[in-house]
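Reminder, nothing fancy here: chain letters follow the sequence lines and each chain counts from 1.
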Amino acid sequence: MESLSSIRVRFAPSPTGYLHIGGARTALFNFLFARANGGKFLLRIEDTDLERSSEAMIQYILDGLNWLGISPDEPYVLQSENRGKHISAANKLLNEGKAYRCFCTKDELEIQREKAQSAGKVYRYSGACRSLSDEAIKENLAAKMPYTVRLKIPDGVIRFKDMVFKKISVNNSELDDFIILRSDGTPVYQLAVVVDDAEMGISHVIRGEDHLSNTPKQILLYLALELPVPQFAHLPLILGNDGKRLSKRFGATSVGEFQELGFIPEGVNNSLALLGWSPKSNQTIFTLEELTAQFDMSGISKKGAIFDFDKMKWINGQHLTCLPAENLFARVANAWLDKGFIEEKEIENRHDYLLRSIDLLKERVRLVNEFVTFGSWFFTDPADYDEEGVKKHWESSDSSLLLSRLLEKWQNLASFSEEMTERTLRQLADELEIKAARLIHSVRLAVTGFTVSPSLFAVLAHLGKETVIRRIRLALSFIKNNSGKQ
RNA sequence: GUCGCGUUCGUCUAGUGGUUAGGACUCAGGACUUUCAUUCCUGCAACAGGGGUUCGACUCCCCUACGCGAUACCA
């Protein structure tokens, strides 16, 4: 067995069909802890519930981790493949008298439980089978009576130091002799985790707070099996805005959904890290590398964190502006491709144009999808114009005059550069004794269809003379038709 | 019910006996800019309640309330 001196952590999801955001955070913290301490980050699929598990579901998890950039360092382990080891561990305990066969039936136990509950008492297994005589056991076995295996819990108190929650102590009397092997011979979760974690040489178990109260049971199992007890760190839960555990009611809860919404891994990782962890400094925007460098268990909070979608978008936007356009290229180009703005071959043919487009827009968007919603004019003439904008900029009597005058000037421009368009526009404004802003707003609306855009003159130079002229003409006829209607 | 854990601005949080209780998102106002969704500045806004301990408690102790989790032949 590996010694515990080498740091090995694991993320152990059950394959439920997608990578939950809470799971992703657990994975991230495991990953960061491993990286920060020169350890290994492993993945174990808890597929004990075989009916609910499939290859495809495992793939979702792998894809999700991969997308986030936190793939495991070794091939994943399937819990179901360790079944034999779980069973022999149970047998070992049985042989050593640390566990015993329980012949009570499910129905009997159910009745006892109900009785205790209706009497307002705490139900715990009575221990009826704990001291069955060897003869009785033999008889039952001979009679082929089904049995479960239960761990014999000694008197005492379990104390452990959680890296997040600090000292925890639970009296063993709170725990009853829990089942480790079902009557069909399959191992129960508690046994499986302990055996698997030991088998994988896990040194630190980092998982959700919902496992905190399982920990004493598991420690008892480590002790009984004479396995080294790992360190534990429990992460506070991620909650929905009603303060309860995050569930499907809250919209996006899986990594895949965030991806579809237009989040990038950098943003998701950053947001997730800040849910329950805080750095020593005031820094809020982190790359994965920076997180790795600064991650520290002491920064983990004990309080459940409510998920703030607005902040998450803001963080994502920060990454979008910081990342060089080249890094965004593939994702944004794909979004444009999906939307039909461009064709496959254009990704290469018009590479520079696309890249510059991304560069112009990236400071203003928060989600990748917004490159689509606010970027249509890179590719097509505006199909319609912002209503407010039309009212504001195109409904005065001289609207078309202004645009026509500009059109005249620009048609004759030899160089349609940023400097030239700006200079000529301002000249015209002077000539007409109006504010340059009037012309600028009017042109922006004509060229993009929106009232907001990146720096107008940069936009003009980027689109080129031909397109700009065409769009101004289009706008002119729109204004004409529109005023005719009224 | 019992056990465990938690409780600082609306949200994420800093704070480890003496602070004008700090930062971030959101929101509001302002500045810059041709506009803005960018950037910058300003503002709003919090120690759950009650008892102790102490010269002095957000910080330590106890109680209450509230929340979450666990109490399965689920994981």
Side-chain angles (χ1 to χ4, degrees), chain A residues 12-14 16 46-49 52 79 102 104-106 109-110 113 116-117 119-124 146-150 162 164-166 168-171 173-176 178-190 192-193 208-217 234 236-237 239 241 243-245 271 274-285 299 301-315 317 321 361-366 370 374 389 392-393 422 425-426 429 435-445 450-457:
Chain A
S14 44
T16 47
E46 310 239 309
D47 61 340
T48 328
D49 190 350
R52 280 196 287 159
Q79 183 156 69
C102 172
C104 300
T105 66
K106 237 183 216 178
L109 295 174
E110 195 53 43
R113 191 194 323 275
Q117 269 170 2
K121 286 187 183 165
V122 185
Y123 169 76
R124 287 203 192 89
Y147 62 89
T148 59
V149 176
R150 311 186 87 114
D162 187 273
V164 175
F165 287 89
K166 307 306 169 195
I168 307 274
S169 70
V170 174
N171 199 309
S173 63
E174 299 301 330
L175 282 12
D176 59 0
F178 60 92
I179 292 171
I180 55 177
L181 221 54
R182 298 188 185 92
S183 50
D184 64 0
T186 58
V188 162
Y189 169 74
Q190 310 284 7
V193 212
E209 187 191 340
D210 46 342
H211 288 286
L212 190 58
S213 32
N214 282 340
T215 309
K217 289 184 183 177
H234 288 90
L237 263 20
L239 313 169
N241 24 17
K244 296 205 191 307
R245 254 177 113 152
S271 298
L274 258 21
L275 273 186
W277 175 79
S278 62
K280 300 247 187 304
S281 67
N282 268 339
Q283 186 175 349
T284 29
I285 301 304
S301 133
K302 296 189 185 73
K303 202 177 89 182
I306 295 175
F307 187 81
D308 185 345
F309 197 70
D310 282 329
K311 190 166 185 174
M312 198 169 174
K313 280 203 294 200
W314 177 80
I315 288 174
T321 60
L361 211 50
K362 73 188 180 76
E363 281 177 25
R364 298 162 182 269
V365 298
R366 297 185 166 191
E370 288 173 349
F374 297 114
K392 224 166 147 186
H393 307 302
E422 176 158 13
L425 182 140
R426 288 188 191 284
K435 283 174 86 173
R438 281 203 63 193
L439 290 169
I440 286 165
H441 291 142
S442 193
V443 175
R444 165 176 293 110
L445 189 60
F450 292 104
T451 53
V452 296
S453 78
S455 166
L456 179 69
F457 302 107

Closest listed nucleotide, where the reference is the side chain of [X] and the choices are [options]:
X         : options                : value
Leu212(A) : C5(B), C12(B), C25(B)  : C5(B)
Gln79(A)  : C73(B), A75(B), G4(B)  : A75(B)
Ile440(A) : C5(B), A75(B), U34(B)  : U34(B)
Ile306(A) : G4(B), U11(B), U34(B)  : U11(B)
Trp314(A) : C73(B), C25(B), A37(B) : C25(B)
Arg444(A) : U35(B), U38(B), U2(B)  : U35(B)
Lys106(A) : C73(B), A24(B), A70(B) : C73(B)
Ala305(A) : C12(B), C73(B), C5(B)  : C12(B)
Leu237(A) : U34(B), G69(B), C5(B)  : G69(B)

Checking all strands, does [X] fall into the base, sugar-phosphate, or nothing category for heavy-atom contacts under 4.0 angstrom?
X         : result
Gly317(A) : nothing
Ser453(A) : base
Leu439(A) : nothing

Between the protein and nucleotides 8-10 of chain B, are there any N/O to N/O pairs under 3.5 Å, and if so, what are the atom names and distances?
residue: U8(B); atom: OP2; partner: Lys303(A); partner atom: NZ; Å: 2.5

State whether the distance check finds a donor on one side and an acceptor on the other, under 3.5 Å, for side chain [X] versus base [N].
X         : N      : value
Lys311(A) : C12(B) : yes
Asp210(A) : A75(B) : no
Ser455(A) : U34(B) : yes

Compare side-chain N and O positions of [X] against OP1 and OP2 of [N] and report whether any pair is under 4.0 Å apart.
X         : N      : result
Ser183(A) : C73(B) : no
Arg113(A) : U2(B)  : no
Arg438(A) : U35(B) : no

In whole angstroms, how far is the [atom2] atom of [N] from the [atom1] atom of [X]?
X         : N      : atom1 : atom2 : answer
Lys302(A) : G4(B)  : NZ    : P     : 16 Å
Met312(A) : U13(B) : CE    : C1'   : 17 Å
Gln283(A) : A24(B) : CD    : P     : 13 Å
Phe374(A) : A37(B) : CZ    : C1'   : 7 Å
Lys166(A) : G6(B)  : NZ    : P     : 11 Å
Lys435(A) : U33(B) : NZ    : P     : 11 Å
Glu46(A)  : A75(B) : CD    : C1'   : 7 Å
Leu181(A) : A72(B) : CG    : C1'   : 16 Å

Taking for each residue the nucleotide of RNA chain B bearing the nearest heavy atom, is the 5' side occupied by Cys104(A) or by Ser278(A)?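 On the 5' side of the pair lies Ser278(A).
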
Assuming nearest nucleotide by heavy-atom distance, tell me which of Tyr123(A) and Phe450(A) is located more 5' along RNA chain B.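 The residue mapped nearer the 5' terminus is Phe450(A).
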
From [atom1] ([X]) to [atom2] ([Y]), nearest 0.5 Å:
X         : Y         : atom1 : atom2 : answer
Ser271(A) : Lys313(A) : OG    : NZ    : 12.0 Å
Leu239(A) : Phe307(A) : CG    : CZ    : 11.5 Å
Thr284(A) : Lys311(A) : OG1   : NZ    : 7.0 Å
Ile180(A) : Thr186(A) : CD1   : OG1   : 12.0 Å

Where do Leu456(A) and Val443(A) land on the side chain to side chain contact (heavy atoms under 4.5 Å, CB included) test, with the steps shown first? CA-CA 8 Å; Leu456(A) 179 69; Val443(A) 175; 4.2 Å; yes

Any strand counts, and the cut-off is 3.5 Å on both contacts for Watson-Crick or G-U wobble. Which nucleotide pairs with [N]?
N      : answer
U33(B) : none
A28(B) : U42(B)
U53(B) : none
G1(B)  : U71(B)
U7(B)  : A65(B)

Does any N or O in the side chain of Arg124(A) come within less than 3.5 Å of the main-chain N or O of Ser173(A), such that one atom is a donor and the other an acceptor?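 Checked: pair present.
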
If only atom types and distance count, is the side chain of Glu370(A) paired as donor or acceptor with the main-chain N or O of Arg366(A) below 3.5 Å?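 Checking the backbone N and O of Arg366(A) against the side chain of Glu370(A), a donor-acceptor pair under 3.5 Å is found.
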
Can you check the distance between C60(B) and G6(B), where both ends of the measurement are the P atom (answer in whole Å)?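 The answer is 11 Å between these two P atoms.
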
